[in-house]
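Okay, structure first, notes after.
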Amino acid sequence: MEHGGNLVNRTIMLPASVDEAVEALAVTPGAVPVAGATDLMEAVNAGRLRPAALIGLGRITELRGWRYEDGGTAVLGAGLTHARMDRPDFAALIPALADAARTAGPPQVRNVGTLGGNIATAAPTGDTLPVLAALEATATLARAGAVREVPISHLLTGLDPLRPGELLTWVRVPLLHAPQVFLKSTGRSGPARAAASVALVLDPARRGVRCAVGAVAPVPLRPLEAESWVAGCIDWDARGAEGAVLIDPAALAAFGEYVAGACVPEGGAHGEGAGSAAARLRRTVAVLARRALGRALK
Amino acid sequence: MTSATELPAPAPADPGTGTTGLGTSPLRTDALPKALGIYPYAADLWAEGLLWGAVLRSPHPHARIVSVDTAPALAIPGVHAVVTAADLPPGPDGTPDGAPAGPVTADRPVLAAGVVRHHGEPVAAVAADHPDTARLAAAAILVEYEPLEPVTDPEAAFHAAPLHPDGNLLRHLPLRTGDPDAVGAVVVEGLYQVGRQDPAPIGAEAGLAVPRPDGGVELHLSSTDPHGDRDRTAACLGIDPDRVRLVVTGVPGATTDREDLSFQVTLALLALRTGRPVKMTLTRAESFQAHTTRHPALLRYRHHADAEGRLVKVEAQILLDGGAYADVSAEALAAAVAFSVGPYTCPNVFVDAWAVRTNNPPAGRMRGEGALQTCFAYESQLDQLAKQLGIDPVEIRRRNAMTTGDPLPTGQAVTCPAPVRALLDALDTTPLPALPLDDPEADWLLPGGPGGAGDPAAVRRGIGYAVGMVHMLGAEGEDEVATATVRVSGDHATVICAAVDSGQGFATLARQIVQSVLGVSEVYIAPVDSDQSAAGPSARGRHTWVSGGAVERAALMVRHQMLQPIAADFGMSVELLTINDGKITSYDGVLGMPVSEALEGRELWATAQCRPHPTEPLDPETGQGDAFVSIAFCAMRAVVDVDIELGAVRVVDVTVAQEVGRALNPRQIEDRIEGAVAQGVGLALLENLRTEGGVPVNASLTGYRLPTALDTPDIRIAALLEERDVVAPFGAKAVSAVPAVVAPAAVAAAVRAATGLPVGRLPIPPEDAIVPV
């Protein structure tokens, strides 16, 4: 209750459309857009963040759903909640994103936390982020009078960051119509942040495998060499055939090791050896990557 | 509690029996308001014109305080007072010493004076007209520290420079019994580690202090020891205890002592200084810094056994990390030593145990302190012995189990019921949970949880058993006493007893006792404050015994007053009258008078005390002595699924058999066991307040992982054995601590069975449950 005082005399704007929101951002420098507020308000309550103004995005209904474009792309509103992404219709569309949304925190958080918030917060453990990286999704950034398209990975790495006055509005995801998997290791049964996660998608049209490892680095990592190597090990022509073996089990295990080696550095000076934290993380990533590919090819 | 009256009437007592009183399971009256979120806690208190308190805490685990400048804080508009150690009564040499206090040894300053000994130690406090202002002002106080090298390894504490004038050794307790040269056919050794479990109560610390016109102060707090806290607060403030009144508010979760003394004294001091009511509520991060934790422990064990698995000799070295201050480390150490062998008989026992001071967070009371750590070690040792000898783990426990009359290694005979074998046997009367193969339709929750990475092919199931024990009531000569008053006026009774219902259900129990003895159905339990007679702390399961006993005695005295005139009228003795279902009947059936008629227009009351038989301290050379009043026992079977590639563990099922003496409220007992098992499972797999260089690194509810509903297994009660403890009031034993003691050991045993790995650390890190390829 005493924290309520933090918001006294603070401007809170509630735009009803994207246009109104970018207008509000343009006229109020220092204003912070807020959607589910699951990360933001924790920082405000703890006194780590004292924004001059808040722009609530909850009333912008157009951002809370999705639409299709060109037959091959889904355009997801930044205001899609994790709970919405976990529903069967969405899960049929982009299964890995639904899997990631399902594991993101307790129901209270999933009910309000949004896709856009997950990207904007850019926490290393953000569950949707490795999936978006594996899908090579792009983000639409709107500002008063202008719109631009940026790959999510560029946004996350800071190669092409969000600029002042810009609002994340849409996320473009290619529809691949093929198995996708998201696996997360937390060491417990209840909701928790990932110790490591792996998103893996098959792209049969291009005969490609795309994979991203989350939570082991500040941003999701793509093991590109492992991806292209394993794509060559898969018997793509046998897909769909009854009882077909698409990959040699030894190649599955090798893929796991390849991914882990690419994404988790050696322990370094003080972390060497089988018992080190780095070695344990490598083993976890190897198991996740092996299982993910195994499930995708099942 | 006014809002509670608008609620639907509580569910009637167990349908079928049609009675109230002992042995039935009436619903707690606070259950519904708590579930609906309308039950008022200390954080909900309000007083006209109140100020808000905030505390400045040390960012260093060990530092000398060079200077404290409060001027910048006082310059902030809205700040009414800033207090430091200099505002507390000075020490014996006339300089500020922070008014040290403590439950056993007065060694912990209210506000640090000259030196800080743990991260988060309070250094100064502020009262201001807004909580934000108070926090800003606390942050504005300029403290110059000279950081000192912290002692964070308890093994290093022995040789480190003293961290406190009292030294670094809080207690050393050796135990020597039997032949030191005895040798068994088999010897197993183990090294066991227990992490730092935090009580993480649902409600963080909160309270309101109101200055009194007589120069005293009234404290509204969720204290679990109102009289002890009143006396210690008064001593720290240098005022007469009569000037301090402590009013107990709803307690939002207490598996330790609440609230810490520094919080209370600081709050009172701010109210006295400003002459205004002062409220303080700690944030979750502060709460982790303020209260004490479970003692982290390092245990080295060597068990000798004969070829049949019977224990020949147990040797152990036990080291408890007490953190910066003594608190109850000495008590925890006594329990660790006395129960170092567990509920087994062994003729030769040689133990050395130490509790040491470090710059880690202070450790204190928490369900089964001392007994829990050793339970994990001795049960792990028995698993090792069983494996080495090829004996079934249950069978080896049966062969060594103690029974009533057997001695503890301290020489004390266990005179209370100790049906250890019967408890073990009861477990397997409950069928094991189905394997996913047997029940493919059921939704199988894999280790790692829904949406996790679990893979059925990598999952192994394990079944583990553990037995454990914990003492009840204060040990080693502590004077245990409680006073209660029962008043009957017309058709309703009132109980005045300063025993705090910290969630253990004492208020419900007191109501049942009075209903049973007097046949009155309307029983009001008065709120607790320190103006009432003392009943002692809510800890070590003592209220069922001492306060329940005092309520029973007072009620019996009232009963005598009520029945005497009736008996006189009929020319018979009071003993020939009974009260049943609200009716007084005579042995011959001639009299059948409703209790309400007998009480009409009368007001009866009585006050009684209960004081169990005395105990004695353990001998400082040999660890021998009758130190405990009574002991509770529990056996558990845990079933786990382990993902042997990722080390993820899910506890599928925990089955409990417990010796309760007499089940006074079966449903409440089951609730308490479920809560304690959940806490034990938390310690087994998740809960560990980690520190780096003495600084906690996961002091938040995101970082500190408490068990959720998904982490908590099905908890089944195989048996509540009712063998009455003749010296206990009602023959009943306390129930809450012992399941928390045994659950971690049972889960570890199950993980051991699933993986074949030794499992020597609690909580079990995932890497300890990964089977190497």
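Residue numbers start from 1 in every chain, and the chains themselves are labelled A, B, ... in the order their sequence lines are given, proteins ahead of strands. Source: prediction; values computed, not measured.
Proximity to chain A is limited to the backbone of B/Leu706, based on heavy atoms less than 4.5 angstrom apart. When heavy atoms are compared at a cutoff of 4.5 Å, B/Thr702 approaches chain A solely by way of its side chain, counted from C-beta outward. Neither the backbone nor the side chain of B/Leu685 comes within contact range of chain A, judged by heavy atoms closer than 4.5 Å.
Ranked by heavy-atom pairs under 4.5 Å with chain A, the list B/Leu710, B/Asp711, B/Thr708 is led by B/Asp711. Between chain B and the residues A/Gly190, A/Pro191, A/Gly105, A/Ser197, the most heavy-atom pairs under 4.5 angstrom are made by A/Gly190. For the set B/Pro707, B/Pro766, B/Gly448, B/Ala458, the count of heavy-atom pairs under 4.5 angstrom toward chain A peaks at B/Gly448.
Residue B/Ile770 holds its CD1 atom at 8.5 Å from CZ of A/Arg280, rounded to the nearest 0.5 Å. For the atom pair A/Ser185 OG and B/Leu646 CG, the distance stands at 5.0 Å (nearest 0.5 Å).
Remark: B/Leu191 CG is packed, more than 12 non-hydrogen atoms of other residues, nucleotides or ligands lying under 6.0 Å away. Around atom CZ of A/Arg193, no more than 12 heavy atoms belonging to other residues, nucleotides or ligands sit under 6.0 Å away.
One N or O on the side chain of A/Arg291 and one on the backbone of B/Ala453 form a donor-acceptor pair closer than 3.5 Å.
Comment: A/Arg290 engages B/Glu645 in a salt bridge, judged by a side-chain N to carboxylate O separation of less than 4.0 angstrom.
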Mind running side chain to side chain contact (heavy atoms under 4.5 Å, CB included) on B/Glu767 and A/Thr284 for me, showing each step along the way? CA-CA 10 Å; B/Glu767 60 265 27; A/Thr284 302; over 6 Å; no
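The two residues B/Pro450 and A/Ser189 come nearest to each other via the heavy atoms CD-O, 3.7 Å.
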